[in-house]
Amino acid sequence: MKKKAEKNVKTAEDKKLRSQETGEDRLNWRYQDKQYNESFKKWRKQKQDSVGFYFVEKPDRLTYQDGVGFINDYPEAREAKTFRRVLNILGLVLLYRVTVDILFIYFFPPIMEKMGMNIYYSFFTGDRYGSRVLITFMDILQQILGRAVPAALLIKHLEIPASVMLPTKITNKPMFGFAFFAALFAAGVCSVLAYFYNGILGVFRIDAMPSYTVSADSDGIVCTVIVSVLAVPIVSEICTHGVILQLIRQFGDGTAIFVTSLIIAVSSYDIVSFPFVAATSFVAGYFVIRTGSVITGIIMRIITRAYLCTLCYISFYADPAYNAVLMRVFVFVTIMIGLIASVWFLCNKSDSFSMRIKPGYMSFGRKILEAATCIPVVIWFAMSFLVTALNIKFIH
């Protein structure tokens, strides 16, 4: 009897230890390096930090709830409280971002034109004309003020370690090498699906032509490469799959990828490219988490941007008799290269591709409800929707 009692005590202690280890393990990210995990845990455990969700299950601490009895402390309540705080802060940041975009899109060009500068904005077409150097400068300044500045303030205000918000160490080299082909494959497939999506837009008489143009002269090509292919992807990825993704992933990797992709797509202010941007951003977010580095996202975004610019150059400047054929050939070749690489990778390195999504305590539906009732987020979404609506072009 005594041995049986000792065995029961030992079993209870083992269960207690396993439970505590499981709770503590929720603060470790298996696809990140040791420095990231240590910095992440240290940040989340800070008592003065109001947005670092920290909860470790301790079965020896019980609370009494009427009608239920003694229960473990509800981690969902703590997570919901922290999630609301993060949403409020993120909503304010996004509000600032859309305000900057509105100023640079609708207000600054007319003012600069009145001042005699060589720049003009057409409210009805959404196109900007004039000095390519001046337009490029405005685009870069818009990215810095609207993306980089709030991201830097977010890191400083929340006292988040740079190693957490901008992880750079690659922990999955096979997946990192495959990112180039995955970006091509995703862009190609999304282009094909966009063909059918554009058909749906055509039913509502919405013009499905790209909302941006490219220049054929040498200065225009250089500006396009600097801004659209390099500057915008780098700044955007640092702010989105860097700062925003890493801030939200404490509530689950799946939630972080979904929310970040939605933010990127909505911030494009383009109903035509919305599905393309959302899908390719979702793929890039998955690769960022699986490889442990935001560098992966930067490379994939650059490839996607280069892909779109190539399509635009073919569409606008190739011989009209052959541009449709050239575009189909380009998309087909892109998909085949990505497909062959994907099949090879999945056959030989499938263990490097799959990822177990770490869930949070809250249900996904509860998180969506919290976001839908967060005032700053709702205002940001409404303003973004308004800008998107103004950018819609109809076929006459």
Side-chain angles (χ1 to χ4, degrees), residues 120-122 124-133 135-136 139 180-233 236 264-265 268-281 283-284 299-342 388 391-396:
Y120 171 73
Y121 173 80
S122 175
F124 297 100
T125 64
D127 297 327
R128 290 176 300 175
Y129 306 98
S131 171
R132 292 298 307 178
V133 175
I135 293 175
T136 300
D139 288 338
F180 172 86
F181 301 99
L184 283 179
F185 185 58
V189 171
C190 289
S191 295
V192 175
L193 297 177
Y195 174 81
F196 300 98
Y197 174 69
N198 292 343
I200 297 175
L201 295 179
V203 175
F204 299 95
R205 310 281 306 169
I206 296 177
D207 188 358
M209 289 295 292
S211 59
Y212 50 90
T213 58
V214 289
S215 177
D217 60 89
S218 58
D219 292 339
I221 293 174
V222 172
C223 291
T224 299
V225 172
I226 292 175
V227 178
S228 298
V229 180
L230 294 177
V232 172
S236 296
I264 295 173
S268 67
Y269 314 123
D270 187 4
I271 191 175
V272 177
S273 63
F274 182 91
F276 182 95
V277 175
T280 53
S281 298
V283 173
I299 293 175
M300 296 184 74
R301 182 72 73 89
I302 289 175
I303 294 169
T304 303
R305 281 277 185 164
Y307 174 91
L308 290 175
C309 285
T310 303
L311 280 180
C312 285
Y313 274 109
I314 295 175
S315 175
F316 289 120
Y317 299 111
D319 190 329
Y322 302 103
N323 63 356
V325 176
L326 289 175
M327 289 180 67
R328 291 190 181 98
V329 171
F330 176 73
V331 173
F332 176 77
V333 171
T334 301
I335 292 177
M336 290 307 300
I337 292 174
L339 180 61
I340 293 172
S342 299
T388 302
N391 289 336
I392 295 177
K393 303 175 185 177
F394 292 95
I395 302 174
H396 300 290

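These numbers come from a predicted model, not from an experiment.
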Quiz: residues 321-341 side-chain donor-acceptor pairs under 3.5 angstrom, not counting sequence neighbours:
| from | atom 1 | to | atom 2 | distance (Å) |
| --- | --- | --- | --- | --- |
| N323 | ND2 | S315 | O | 3.3 |
| T334 | OG1 | F330 | O | 2.7 |

Please tabulate, for side-chain N and O atoms in residues 183-205, each donor-acceptor pair with protein atoms closer than 3.5 Å (sequence neighbours left out).
| from | atom 1 | to | atom 2 | distance (Å) |
| --- | --- | --- | --- | --- |
| S191 | OG | A187 | O | 2.8 |
| S191 | OG | Y307 | OH | 2.9 |
| Y197 | OH | I271 | O | 2.7 |
| N198 | ND2 | A194 | O | 3.2 |
| R205 | NH2 | I395 | O | 3.3 |

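Contact detail for S281 and R301: the closest heavy-atom pair is OG-NH2, 4.3 Å. In plain terms, the two heavy atoms of R305 and P233 that are nearest each other are CG-CG, 3.6 Å. The shortest heavy-atom contact between M300 and A284 is SD-CA, 4.0 Å.
Residues F276 and L308 are in side-chain contact: their nearest non-hydrogen atoms beyond the backbone lie under 4.5 Å apart. Between I206 and F394 there is a side-chain heavy-atom pair separated by less than 4.5 Å.
A side-chain donor-acceptor contact under 3.5 Å links S268 to the backbone of A265.
Distance OG1/T280 to CD1/I303: 12.0 Å, rounded to 0.5 Å. Atom CD1 of I392 sits about 9.0 Å away from atom CG of D270, to the nearest 0.5 Å.
When the side chain to side chain contact (heavy atoms under 4.5 Å, CB included) test is applied to V229, the partners found at least two apart in sequence or on another chain are I302, A306, C309.
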